[in-house]
There are 2 protein chains.
Amino acid sequence: MMASVTGTGESVSAASLRRLPSYRQYLKVLQGMGREVVSCSHIGQALKLNPTQVRKDLAVTGIVGRPKVGYETEALIEAIESFLGWNNLNQAFLVGVGSMGTALLGYDQFNHYGLKIVAAFDNNPSLIGQKIHGHEVLSLDKLTDLAARMHVLVGILTVPAQAAQSVANLMIFGGIRAIWNFAPAPIEVPEGMVVQTEDLFSGFAVLSSRLAEVMGIRRKAGVNADANRR
Amino acid sequence: MMASVTGTGESVSAASLRRLPSYRQYLKVLQGMGREVVSCSHIGQALKLNPTQVRKDLAVTGIVGRPKVGYETEALIEAIESFLGWNNLNQAFLVGVGSMGTALLGYDQFNHYGLKIVAAFDNNPSLIGQKIHGHEVLSLDKLTDLAARMHVLVGILTVPAQAAQSVANLMIFGGIRAIWNFAPAPIEVPEGMVVQTEDLFSGFAVLSSRLAEVMGIRRKAGVNADANRR
DNA sequence: TCTATATCGATAAATATATATCGATAAGTT
DNA sequence: AACTTATCGATATATATTTATCGATATAGA
C-alpha cells in the first residue's frame with residue numbers, strides 16, 4: 001500500500017537511483033567476461049550490498065528474474081539504461097569552462113549515459129572561440145537563444161557560486177528543463193524543473209570526518225557533552 | 001538510547017556530514033556580508049532544509065547557540081571546520097592525471113578544506129615530468145616509497161576502473177590511511193582505513209530519472225506491473 | 001517589570017530506507 | 001520422479017533519518 005502503486009506519486013528513492021549506475025557498471029564488467037546471467041546475491045557480494053536491497057533496486061526497472069538463476073545480464077543492463085533514459089541521447093549545454101567544466105568536456109563516455117554536450121559557454125573573452133576537447137566555447141550571450149532553437153533540455157552548470165543563479169536563469173529562459181549543478185550554491189528554479197546539485201566536498205566531508213575518527217583526532221560526541229553547560 | 005552516547009560506536013550519519021560543507025559555504029557568504037549571528041531557521045530557509053534538521057546537524061560539531069538569537073557565524077564556521085578536521089592541513093597524493101585528476105590539481109581551494117596535494121602520479125611516460133597546474137607528475141613507481149617517507153595520509157584516486165585496486169594497493173603499502181576514490185569501481189582496503197568513493201553518475205542517474213518523469217517519458221511503476229505475468 | 005516571541009536543545013513521532021523472512025519456482029541431484 | 005537448493009518476488013520487521021513537539025531561555029517591547 002505504498003505510494004508506488006497508489007497513483008500519482010513517484011516513489012523510487014534517490015538512494016535506489018544512485019545505486020543503479022554502479023550496478024550497470026559492474027554488469028558491464030560481467031558482460032565483458034561473457035557472463036550471461038547474474039543473481040542479486042552475486043551483485044551484492046561484489047558491491048558489498050545486501051542482496052534484498054539489490055533486488056528491490058532492480059525491481060524498479062521492471063526487470064523480471066528467474067528463481068534459482070537470476071537475471072539475464074544483457075537484459076538487466078538494458079533495463080537499467082532504459083529506466084534512466086540513457087538509451088536515447090539528450091543534448092546538453094555546459095556553462096563554465098573552468099577546471100570542472102573542462103574535465104566534463106573531456107569525458108568522452110557521456111554518450112553511454114544518454115548525454116551529448118553540444119556546446120560550451122563562458123563569459124571569459126580569452127576562452128570564447130577556443131576549442132576545448134573538441135567543443136568550441138561560445139559566448140554566454142548566445143546561450144538562451146541557442147538553447148531555445150536547439151530544444152536543449154539539459155544544462156550543466158560549472159560556474160563559480162556567485163554566477164550560478166544568473167546562469168541558471170539564462171538556462172531556464174532558454175527552455176532547459178534539467179540542470180546538473182556543480183556550483184557550490186543552491187539554485188532556484190520554477191516548478192516542474194529538475195535540479196541535481198553536486199557538491200564535491202560533501203563526500204570529502206565524510207572522508208575527513210572518518211579520517212579524524214580513525215586517527216583519533218576527534219573526541220566522540222558523548223565526551224563533548226559538557227560543552228553544553230554554561 | 002542511541003549509539004551516539006552508548007560508548008564505542010561513532011554515530012554521526014553520513015547524511016549529516018554531507019550537509020556540513022553546504023552550511024559552511026553559506027555561512028561564509030553570510031560572514032562576507034558582515035552577519036554576526038544566524039539561526040537554524042534562517043539557514044534552513046536559505047538551503048531549503050528543515051530547521052530542526054539543521055540544528056541537529058550543527059549539534060554534532062559541539063556548537064552552542066543562544067535562544068532567540070542563534071549561533072555566532074564565525075564560531076559556527078570554525079566549529080564545522082574543526083569538526084571535519086579542515087583547520088589543519090593534510091598532505092595528499094593524487095594518482096591519475098586524466099581529466100578528473102587534472103581538474104582536481106587545478107582546484108586551488110583545497111587548502112580551505114584541510115587538503116594539500118603535494119604530488120601527482122601517473123604511469124603515462126608522456127605525462128611524467130610535466131607540470132600540471134604547478135604539480136610535477138611523478139612516476140607511479142615512486143608512490144609507495146614517497147608516501148611512506150612523507151607520511152602522507154590521504155590518496156586521491158583518479159584512475160580508470162581497471163587500475164583502481166592496484167593503485168589503491170600501492171597507496172595502502174605506502175601507509176596512506178584514507179582514499180578519495182573517483183574511479184568507478186569499489187576498492188578493497190584493510191580494516192581501519194577510510195574509503196570515500198565518488199560516483200559522478202549516481203547524481204546524474206537521479207537527474208536522468210527525474211527528467212524522464214517530468215517529460216512523461218517513463219511509465220509509472222504501477223503501469224509496469226503486468227510485465228510480471230508470464 | 002512583565003509579557004510576547006523567536007530560538008535553542010531535547011525528545012517524541014513520522015517517514016523513509018534497509019534487512020530479514022517466507023512461500024513459490026526453476027534447475028540441478030539423487 | 002521426488003528431493004534439494006538457490007533464487008525470486010512480496011511482505012514484514014528493523015533501523016535510520018527526518019520532522020514535529022515541548023519546555024527552557026534570551027531578547028525585545030509594552
Side-chain angles (χ1 to χ4, degrees), chain A residues 1-6 9-20 23 35-45 47-73 75-76 79 202 206 221-222 224-230, chain B residues 1-6 9-20 36-45 47-73 75-76 79 202 206 221-222 224-230:
Chain A
M1 64 287 295
M2 288 290 89
S4 21
V5 205
T6 38
E10 182 54 30
S11 62
V12 181
S13 72
S16 285
L17 291 175
R18 286 182 166 280
R19 282 186 293 265
L20 290 179
Y23 299 143
R35 180 152 189 152
E36 308 231 317
V37 292
V38 61
S39 71
C40 291
S41 347
H42 181 96
I43 295 172
Q45 193 154 28
L47 269 44
K48 297 199 199 113
L49 295 171
N50 182 297
T52 304
Q53 181 170 72
V54 176
R55 192 170 300 121
K56 226 172 172 180
D57 288 340
L58 297 180
V60 307
T61 68
I63 190 85
V64 175
R66 297 219 309 281
K68 177 87 185 197
V69 176
Y71 307 89
E72 280 180 50
T73 314
L76 189 44
S202 76
V206 178
N224 251 357
D226 55 352
N228 278 353
R229 302 205 207 108
R230 248 170 307 162
Chain B
M1 63 289 297
M2 288 291 89
S4 23
V5 204
T6 38
E10 180 55 29
S11 61
V12 181
S13 72
S16 285
L17 292 174
R18 285 181 168 279
R19 283 186 293 266
L20 290 178
E36 306 231 317
V37 292
V38 60
S39 71
C40 292
S41 345
H42 180 97
I43 296 172
Q45 194 153 28
L47 268 45
K48 296 200 200 113
L49 295 170
N50 182 297
T52 305
Q53 180 171 69
V54 176
R55 192 169 301 122
K56 225 172 175 181
D57 288 340
L58 297 179
V60 307
T61 68
I63 190 84
V64 175
R66 298 218 308 282
K68 177 88 184 200
V69 176
Y71 308 89
E72 281 180 48
T73 314
L76 189 45
S202 76
V206 177
N224 252 357
D226 56 353
N228 278 353
R229 300 205 208 112
R230 248 170 304 161

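For clarity, every value in this text was computed on a predicted model and none was experimentally measured. Naming convention: chains lettered A, B, ... in sequence-line order (proteins, then strands); numbering from 1 in each chain.
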Exercise for the section: Could you check if a side-chain atom of B:D57 sits within less than 4.5 angstrom of a side-chain atom of B:L49, using non-hydrogen atoms only? Expected result: no
Practice task
Just compare D:dT19, D:dT27, D:dC8 and give me whichever is closest to any side-chain atom of B:R66.
Solution key: D:dT27
Handout entry: Closest to side chain of A:C40, choosing from D:dT18, D:dC8, C:dT17
Key = D:dC8
Practice task
Remember a base hit wins even if backbone is also touched, and classify A:S13 as base, sugar-phosphate or nothing at under 4.0 Å, heavy atoms.
Solution key: sugar-phosphate
Practice task
Could you tell me whether the side chain of A:I43 reaches within less than 4.5 Å of the side chain of A:L58, counting heavy atoms only?
Solution key: yes
Handout entry: Side-chain N,O (A:R55) to OP1/OP2 (D:dG9) below 4.0 Å
Key = no
Exercise for the section: Hey, could you give me the OG/NZ distance between A:S16 and A:K56, rounded to the nearest 0.5 Å? Expected result: 8.0 Å
Handout entry: Proximity to the side chain of B:S39 - top-ranked nucleotide from D:dT17, C:dG9, C:dC8
Key = C:dC8
Problem - Spacing of B:S13 atom OG and B:R19 atom CZ [to the nearest 0.5 Å] - result: 6.0 Å
Problem - Atom-to-atom span, CD of B:E36 to C1' of D:dT27 - whole angstrom - result: 17 Å
Exercise for the section: For B:L17 and D:dA16, give me the distance from atom CG to atom C1', rounded to whole Å. Expected result: 14 Å
Fill in the blank from the handout: B:Y71 has its side chain closest, among C:dG9, D:dT18, C:dT7, to C:dG9
Exercise for the section: Let me know the distance between CD1 of B:I43 and P of C:dT7, rounded to the nearest Å. Expected result: 11 Å
Practice task
Let me know the distance between NZ of B:K48 and P of D:dT19, rounded to the nearest Å.
Solution key: 14 Å
Exercise for the section: Respond yes when some side-chain nitrogen or oxygen of A:R18 is under 4.0 Å from OP1 or OP2 of C:dT17, and no when none is. Expected result: no
Exercise for the section: Specify the separation, in whole Å, of atom CG of A:L76 and atom P of D:dT7. Expected result: 15 Å
Problem - Side chain to side chain, A:Y71 and A:R55, heavy atoms closer than 4.5 Å - result: yes
Exercise for the section: Describe the nucleic acid contact of B:S41 in one word from base, sugar-phosphate, nothing, applying a heavy-atom distance below 4.0 Å. Expected result: sugar-phosphate
Practice task
Check whether the side chain of A:K68 and the base of C:dT25 form a donor-acceptor pair under 3.5 Å.
Solution key: no
Handout entry: Sugar-phosphate only, base, or nothing, as touched by A:T52 at under 4.0 Å among non-hydrogen atoms
Key = base
Practice task
Round to a whole Å and report the spacing from CG of A:D57 to C1' of C:dA18.
Solution key: 10 Å
Practice task
Could you check how far NZ of B:K56 sits from P of C:dT11, rounded to whole Å?
Solution key: 11 Å
Practice task
Measure from CG on B:L47 to C1' on D:dT19 and round the result to the nearest Å.
Solution key: 17 Å
Practice task
Measure from the side chain of A:N50, starting at C-beta and using heavy atoms only, and say which of C:dA18, C:dA20, C:dA27 lies closest.
Solution key: C:dA20
Practice task
Check every atom of D:dT19, C:dT19, C:dC8 against the side chain of B:Q53 and return the nucleotide holding the closest atom.
Solution key: D:dT19
